[in-house]
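As structure tokens, the structure follows; a few thoughts come after it.
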Amino acid sequence: MSRSRLGWFSLSRNLFLLMAVAGSPALTLADETAPARDPKQPLNEAYSAKIKKYTTAPVFTSPLVDYLPASKNIPTPEVVLGDVSGAPGILPYAEDVYKYMRLLEKATPRVKVFSIGTTEEGREMIAVAVSSEENLKRLEENRARLAKLADPRTIKLEDAEADRLVAQSTPIYYITGTIHSPETGAPTALMELAYRLAVDDSPYIREIREGVITLITPVVEVDGRDRMVDLYRWHLAHPKDFYPPLIYWGKYVAHDNNRDAMGVTLKLTENVLNTYVNWKAQVLHDLHESVPYLYDNTAGDGPFNAWVDPILTDEWEMIGWRNVADMTKFGMPGVFTHGVFDTWSPGYLMFIAAMHNGISRLYETFGNGGADTQERSLDPADYSRTWWRQNPPYPKTLWSQRDNNNYEETGLLTSLHFFNENKRLFLKNFYLKAKRSITKPATEGPAAYVLPSDDPRLELQTELLQVLQKQHVEISRATSSFSVSLPARKIKKSPKKDDSKDPKEKEAESTTREFSAGSIIIRMDQPYSRIADALLDHQYWSPDDPQKTPYDDTGWTFGELFNVKVFRVTDPKVLNAAMERINEVKPAGGVQGEGAIFAINNSAEPALATLRYQLRDADMQAAEEPFESAGKKFNRGSLIIRNVARADFERAANETGLRAMALNSAPTVKTHPVRAARVAFVHTWLSTQTEGWWRQALDNLKIPYDYISTQTLARLDDLNSKYDVILFPPVGFNSSSTAIINGMPTAWGNPLPWKNTPETPNLVGKNDSTDDMRPGLGWQGVANLQSFVAKGGVLLTATDTSRFALSIGFGDSVTLGTAQKMNIVGSVLSTRLVDAASPIAYGYDEKLSAYCDNGPIFSLSSIAGGRGFRRLGGHSSSRPTGRGTADDPDFTPGRPGVEAPEEQTAELWEYPPVSDEQKRNGLRVIPPASRARIILRYADNKDLLVSGLLEGGDEIAQHPAVLDAPAGRGHVILFSINPVYRGETRGTYALVLNTILNFDSLDAGRAPAEK
Ligand SMILES: [Zn+2]
């Protein structure tokens, strides 16, 4: 209650007036405007009649949307749709939605359309501003005022000046629709909403129009929208058939397009982020459809994101509960807030606002995934009455797209109205949140983050800075060296278990660290300090947290996942260091020295692979040992490059951000060729979401590959003639081995084509096609894969496809464990390098942070078909029951004592010793050369967690994290971590890229006895 104090306060203040209210279909406060139409404004009778017709029950509408006012010169959505918004059977393409918005723009000065960028496939994204003509005329003046509130440094943090600006400013409420393509209702709701806001003369709507600038992006995922409309048209043309599931949304990712607001790797995220920040909007309200009937998950459940201002969490509650109250008073069932969503991860599109001093909002309304009117049976979890859902939906509901549009529009209109009534409060909060972001160093801290100039991975550092720059974070570079004091790591004092003195338990002291000129400083006294802090800080999700089902990832620390050094500095002295603002972060590559041979130190930077493919004719060799040349130390795996003109090489080094040395003579170190492998990239027709992030990473790095499905794999019987490396990235949903092999059921039902037809002109885009999505890899595909590896090919798998590889017989020496209590939900874990000589590990240090989402748990076995642990359990370390003390030997009375031989043990990342008994006719004993090579292992349990949630970590601690399993003449690479994920894990990309670059030399550095 106290969190929504303001809302409740004004309610109680007016409570005694409540009874006097009359003339409104809903109970409103006496000084509030009734949500009712203006009886003097003529109705569009035909349109209003259709609204009524398509609404399946009177309770599924409201006095705000159960009619449409008429206009002589402003067209209704009907001119484009051929029917009213939400009519059955009608889903407009993005182009049609834009066409309508531009017709509105032409017909009224109350609407302006702005192009805000394009998608990966080149489609336009727009933002539509709707407000009074006066407001739209003065957009620039208003923007200038809002910009001052957004950056209080411009008014010297003076509250009085802020109040003056607040009084003069018109706030901006930004609404985004259809980021999730199967959630189809928002575009028609937003078309009609724009009409209402421009045309309706009822006092309720007029106040919104005059008081607020409503900004609308009707379609966020434009590529996916056009595919979804295609599929719906196919469904209408084949009404008796099953229709293909929407396997591709955008070019790269599906549902995860709403998890990109940290990495900002998708165009849609970048375009919405820039629009939000450049318009200086106060709210970002994202529309989804997955829950009956309207779940306002603005407030959500805990834990709340730890970096947002509490002012914002108060606003969430205030707006959310008020929204529920308003719609409940209309008699609309099933409107609720709080719910099961937690507000921890800042990856959601709406969180752009939360991290940039605005208000993030999100609706889940109820959609049918198309425009069919259908009888829907709800889950008891959806219609049960809970403390946060006092007016739940009905167990069975006849539901239409119009109902959905009614809920969306009613929710938005009541929100806009409440927002307008309280706009001074929200504008002042907007200023206060920005001000508190600027005063952060002096309040909660830290003062800054520092990225040192001596980081061996400056190219990755640049990539991290580019993410921050996309987030509109200000970045500075030290112009001279400076020193700050860093707090020492606190050593946790454990309650004394015994009376011995622990010498380590003395007070830790702080240290002074000097950073040289060129080091990067991210000051926290800037308006957007919170997003920088949220991305660079560590996360801790307690295993004891009452929230047991995190909604998304629990950890993301960007410095760790980019393998870049980041120092959190609380010492305010850092802000006095001499520094300059960097306006554009550019890679700082180049060539030093003279000579025709070039050497690049390997620091596991992804751009090395880009360089290999860019300089196709150059001779590149990888050093198998560290070496020194021209007074510089080079790591194992460093590249030695010949046969390339200096000018070409310099250009490539500059573009990729790699720093090279020119040498007169080649170093005398053992090398092997680094060739541009021919890569096949495999996807299923079950799900393309998780592999999409891999595809995006390879495309960004300009690494060519053939994108083929498991069906194609099954047709290619000589894979080796076309490919050196097959990447089989994680499948994600529906990833069991059975599903990968069998695909979808084919024993019944109809073929599910994924190809361009007259009904589906946009379906394929730049991705793959098939006549029937249903068949999977099949047994022929399995045989082809096995033959490919047997003949020397390299198959790379991760998480669920590693499980799959093991299930079809690859990796004799690796078994899969079953987790008992382990719970790792999208966390950052620490790994340790085991075999630094493996080419897969080139450029890495002893410790590496990696993204892990519940394993899998790999165990090692020396026995083919073995399970990797002993029959009596491997954990009984104490002596058997018998005579003497715990340290004494036992003896059997009546005969001389026999001392048992010392038990041989192995660590979890080592192969268990083979016993004498196992060696007897030891046909199953795996010779060392046939065992998987352990590249990385998970850290010890006490060091395992870097960020996020880790429960039952002992089940995966010390187990292998990356393995190179020989098979025939080839290799199967198995990842327990996911090395390529959401553009956030760039520090582990090189594990994949090293595999590609060294595909025909993966045994380099392998211990001689094992070869
Ligand atoms: Zn959604």
Side-chain angles (χ1 to χ4, degrees), residues 91 94 119 125 174-190 216-229 231-232 245-250 252-262 266 268-269 272 284-301 320 334-354 360-371 376 378-379 381-382 393 399 401 403-405 407-409 411-412 549-553 687-690 692 732-733 826 982:
L91 281 190
T119 66
M125 288 178 69
Y174 186 16
I175 301 165
T176 48
T178 310
I179 184 172
H180 282 165
S181 305
E183 303 165 12
T184 52
T188 48
L190 293 172
I216 300 169
T217 291
V219 184
V220 172
E221 175 57 274
V222 189
D223 299 335
R225 171 67 180 188
D226 286 1
R227 289 199 176 91
M228 183 63 202
V229 175
L231 273 191
Y232 186 64
L246 189 70
I247 187 151
Y248 295 98
W249 300 12
Y252 294 116
V253 294
H255 192 267
D256 255 12
N257 61 7
N258 190 34
R259 303 294 191 275
D260 185 47
M262 287 194 265
L266 299 172
L268 64 87
T269 318
V272 169
L284 179 57
H285 190 154
D286 197 30
L287 300 179
H288 291 253
E289 293 157 35
S290 71
V291 177
Y293 299 99
L294 189 152
Y295 170 29
D296 181 337
N297 79 3
T298 304
D301 196 359
V335 179
F336 63 100
T337 189
H338 189 74
V340 296
F341 174 75
D342 71 61
T343 313
W344 177 248
S345 160
Y348 313 102
L349 186 83
M350 63 157 171
F351 238 73
I352 286 169
S360 54
R361 300 202 69 207
L362 194 149
Y363 279 171
E364 298 283 2
T365 57
F366 198 35
N368 287 345
R376 301 285 301 271
L378 272 48
D379 194 278
D382 285 330
W399 192 253
Q401 177 96 324
D403 297 332
N404 185 24
N405 281 186
Y407 271 74
E408 286 170 314
E409 288 185 61
L412 289 169
T549 52
Y551 205 84
D552 202 71
D553 290 338
S687 171
T688 62
Q689 153 103 345
T690 313
F733 305 111
R982 292 183 178 174

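Numbering of ligands and ligand atoms starts at 1, following listing order.
Distance check: Glu408 CD to His285 NE2 gives 9.0 Å after rounding to the nearest 0.5 Å.
Remark: Thr690 pairs with Pro730, Asn978 by the side chain to side chain contact (heavy atoms under 4.5 Å, CB included) rule, at least two apart or across chains. In terms of the salt bridge (Lys or Arg N to Asp or Glu O under 4.0 Å) criterion, residue partners of Arg259 (sequence neighbours excluded) are, by chain and number, Asp552. Under the salt bridge (Lys or Arg N to Asp or Glu O under 4.0 Å) criterion, Arg361 pairs with Asp296, sequence neighbours left out.
Counting only protein N, O or S atoms, the number found under 2.8 Å from the Zn ion (ligand 1) is 4.
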**Request:** Check step by step if side-chain contact (heavy atoms from CB on, under 4.5 Å) holds for Leu268 and Ile179.
**Result:** CA-CA 9 Å; Leu268 64 87; Ile179 184 172; 3.9 Å; yes

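Side-chain atoms of Tyr295 come within 3.5 Å of backbone N or O of His338 as a donor-acceptor pair.
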